[in-house]
Visitor: 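Have a look at the structure that comes next, please.
Hydrogens, waters and symmetry mates play no part in the numbers below; they use all other heavy atoms, side chains included. The sequence lines fix the lettering, A, B, ..., with proteins before strands; numbering per chain opens at 1.
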There are 2 protein chains.
Amino acid sequence: MPPNKPATPDPARTLSLLWRHSLSPSRTRGPRPSLTVDRVVEAAITLADEQGLDAVTVRSVAEAVGASPMSVYTYVPGGKTELIELMIDVVYLRADRPAWGELGWRERVLSVANQNRALHAAHPWLIHASTSRPPLGPGVITKYEYELSAFDGLGLSDVEVDAALTFVLGFVQANARSAAEAAALPEATAMTDAAWWEAQAELLGRVVDPTKFPRATRIGEAAGTAQGGAYQAEAAYRFGMDRVLDGLDQLVERKKKA
Amino acid sequence: MPPNKPATPDPARTLSLLWRHSLSPSRTRGPRPSLTVDRVVEAAITLADEQGLDAVTVRSVAEAVGASPMSVYTYVPGGKTELIELMIDVVYLRADRPAWGELGWRERVLSVANQNRALHAAHPWLIHASTSRPPLGPGVITKYEYELSAFDGLGLSDVEVDAALTFVLGFVQANARSAAEAAALPEATAMTDAAWWEAQAELLGRVVDPTKFPRATRIGEAAGTAQGGAYQAEAAYRFGMDRVLDGLDQLVERKKKA
DNA sequence: GACGTACACTGTACAATGTACGTAGTTGAT
DNA sequence: ATCAACTACGTACATTGTACAGTGTACGTC
């Protein structure tokens, strides 16, 4: 991981790009662009979906759109950092956002969580695409607006609604992270999940005294061996969402009384 | 981010290294080692604490211990991947783990969360040191054992205890991630947090229609502008932990009745 | 119709990184 | 004295993001 330079950052330019506003007034001079920002971003997303975020390099994206590496910078001046922000905003914008209809707040919040879970399942690279701050593009804003609306009419303050949403999304992301790691493991080690845990358990047994770690050995073995990684993430999601909704319920009920 | 090769992986060797067991029977032959695994790992941790995970390179670690880059591989054959696993295990092992005394379960679980929060505050690089699987060394196991014990006597099943702990730690990590991002922002942009949000808001105002995103503009502005990033993470932590504990409470109460 | 300006495009080059490989030196056991 | 096992390290390479300079193109202006 070289700390490869993040090109020249320019928040204003990035923002314009996110909203697809060209900021230069004149634009008809010179050769007509052979590509678009969207085609570049699209290619990058496809690469990331199919081969992971590591497969998204300036060179691979350029090849995918049939241009030379440096041409990418014509459409995405901010380089790779900006490209990833654009990718995130596009997949956010594209997500499904059904109307709430007659759903109660628990179902609405569960739906928000499920949609985010689905998003991470469809684009596992989102987890690894850490940005220091969310790119404030149409996708991010639209998603934010929609998700905030799930808490309408509960009597929560603005700050509370924001905190509640952060709380829910934080859980979903933590769970998605576990799921992504579990999914990546077999590929990395070329072993099935169960086989890996078994091998580790066998090795661990030689090195660690079970009587010193009674809970860890018992529970860890049960959690690790018995269940596959994927199933475990699924169970953790269900368990966690029950806790999340119950936790929010207390707040909502308290607010109702006041 | 080059997908730099992860050296030759060998789970058995890594496990021995984590527990500091030398697996070769003979060891007196040849020149006496001038370093130890621990000195290398220590130097890496110091680098990461002071300058971030990106500052931990094989070359910088080598320089810190006064050796040549390739010598690092003598002590950590698995290369950088293994080094990071060793770093994680060491800081885990070193963490404080006070006895529970007479504390009730809510206080115990809150304490677990607080300790993890403190750990991430002291070592922000932990958040970025994503491993496909936790290194099963003494630090990880000791920490796991201790944290599991916080749920003793609540009548939860093994699987439930594991799920509950995962839930709590997942929240703390998500919060720590936000905090780390907020803390990294000012350095990256060379602006104060408030100034950055203000600049962004000003730019956004030109590009986005507030009437289309009423909640997002109102709540986002309130959440972003009014509070600094650090304060916001603090508030999110308190809010979240209340929800986490309330959510677990429902489970515990239900179990008590049965 | 000539022309110049703003733009698209690209080749080359560089610094940083993880690490494979081969070589040289060291030391205790035999 | 010999040697095998071990430490130490210099060199080399592939991969990455991207700065920079040069080349060509097409529209607006005259």
Side-chain angles (χ1 to χ4, degrees), chain A residues 1-10 13 22-37 39-40 44 47-48 51-63 65-87 128-129, chain B residues 1-10 13 22-37 39-40 44 47-48 51-85 87 128-129:
Chain A
M1 329 116 154
N4 276 323
K5 322 128 199 181
T8 57
D10 180 344
R13 175 175 42 68
S22 56
L23 39 147
S24 46
S26 79
R27 98 204 48 167
T28 51
R29 216 89 74 107
R32 302 257 297 279
S34 57
L35 295 175
T36 62
V37 179
R39 276 205 50 200
V40 173
L47 271 168
Q51 305 174 52
L53 195 59
D54 283 348
V56 178
T57 70
V58 176
R59 287 167 175 84
S60 68
V61 171
E63 189 181 6
V65 296
S68 84
M70 288 313 292
S71 294
V72 170
Y73 291 85
T74 301
Y75 299 92
V76 185
K80 191 172 179 178
T81 306
E82 202 169 61
L83 175 60
I84 287 177
E85 295 185 345
L86 291 164
M87 291 168 64
H128 306 289
Chain B
M1 328 109 156
N4 277 320
K5 321 130 200 179
T8 56
D10 180 343
R13 175 175 43 66
S22 57
L23 41 147
S24 45
S26 80
R27 101 205 45 168
T28 51
R29 217 90 74 108
R32 301 256 297 279
S34 58
L35 295 174
T36 62
V37 179
R39 275 204 52 198
V40 174
L47 272 168
Q51 307 175 52
L53 196 59
D54 283 349
V56 178
T57 70
V58 176
R59 287 169 175 82
S60 67
V61 171
E63 190 181 7
V65 297
S68 84
M70 288 313 291
S71 294
V72 170
Y73 290 85
T74 301
Y75 299 92
V76 185
K80 191 173 180 179
T81 306
E82 203 169 60
L83 176 60
I84 287 176
E85 296 186 344
M87 291 167 65
H128 306 288

Visitor: Say you draw a straight line from CZ of B/R59 to CE of B/M70; how long is it, rounded to the nearest 0.5 Å?
Guide: 9.5 Å
Visitor: Which whole-number value in Å describes the distance from B/L83 CG to C/dT17 C1'?
Guide: 15 Å
Visitor: What is the distance, rounded to the nearest whole Å, between atom OH of B/Y73 and atom P of C/dT17?
Guide: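 One finds 12 Å between P of C/dT17 and OH of B/Y73, rounded.
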Visitor: Whole angstrom is fine here: how far is it from CD in B/E63 over to P in D/dA8?
Guide: 17 Å
Visitor: Give a yes/no on whether any side-chain N or O of A/T74 is located under 4.0 angstrom from OP1 or OP2 of C/dA8.
Guide: no
Visitor: List in chain and number order the residues that pass side chain to side chain donor-acceptor pair (under 3.5 Å) with A/E82, two or more places apart in sequence or in another chain; answer none if no residue qualifies.
Guide: A/R13, A/T14
Visitor: If I take atom NZ in residue B/K80 and atom C1' in nucleotide C/dA16, what distance separates them, rounded to the nearest angstrom?
Guide: 11 Å
Visitor: Is there any side chain to side chain donor-acceptor pair (under 3.5 Å) pair reaching into residues 65-76 of chain B, and which pairs are they, with sequence neighbours excluded?
Guide: B/S68-B/S71
Visitor: B/D54 has an atom CG; how far is it from atom C1' of D/dT16, in whole Å?
Guide: 14 Å
Visitor: On the nucleotide D/dA8, are OP1 or OP2 found under 4.0 Å from the side-chain N or O atoms that B/Y75 carries?
Guide: yes
Visitor: Taking the minimum atom-to-atom distance to the side chain of B/A67, which one of C/dC9, C/dT19, D/dC9 wins?
Guide: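 Shortest atom-to-atom distance from the side chain points to D/dC9.
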Visitor: How long is the line joining CZ of A/R59 and P of D/dT15, in whole Å?
Guide: 10 Å
Visitor: Please state whether the phosphate of C/dT10, meaning OP1 or OP2, lies under 4.0 angstrom from any side-chain nitrogen or oxygen of A/S68.
Guide: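 The answer is yes; a side-chain N or O of A/S68 sits under 4.0 Å from OP1 or OP2.
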Visitor: Nearest heavy-atom pair of A/V65 and A/V40: which atoms, and what distance?
Guide: CG1-CA, 4.1 Å
Visitor: What's the CE-C1' distance between B/M70 and D/dC6, to the nearest Å?
Guide: 16 Å
Visitor: Below 3.5 Å is the cut-off: list the nitrogen or oxygen pairs between protein and nucleotides 23-30 of chain D, distance only.
Guide:
{"from": "D/dG28", "atom 1": "OP1", "to": "A/T28", "atom 2": "OG1", "distance (Å)": "3.4"}

Visitor: Rounded to whole Å, please give me the gap between CG in B/L53 and P in C/dT17.
Guide: 13 Å
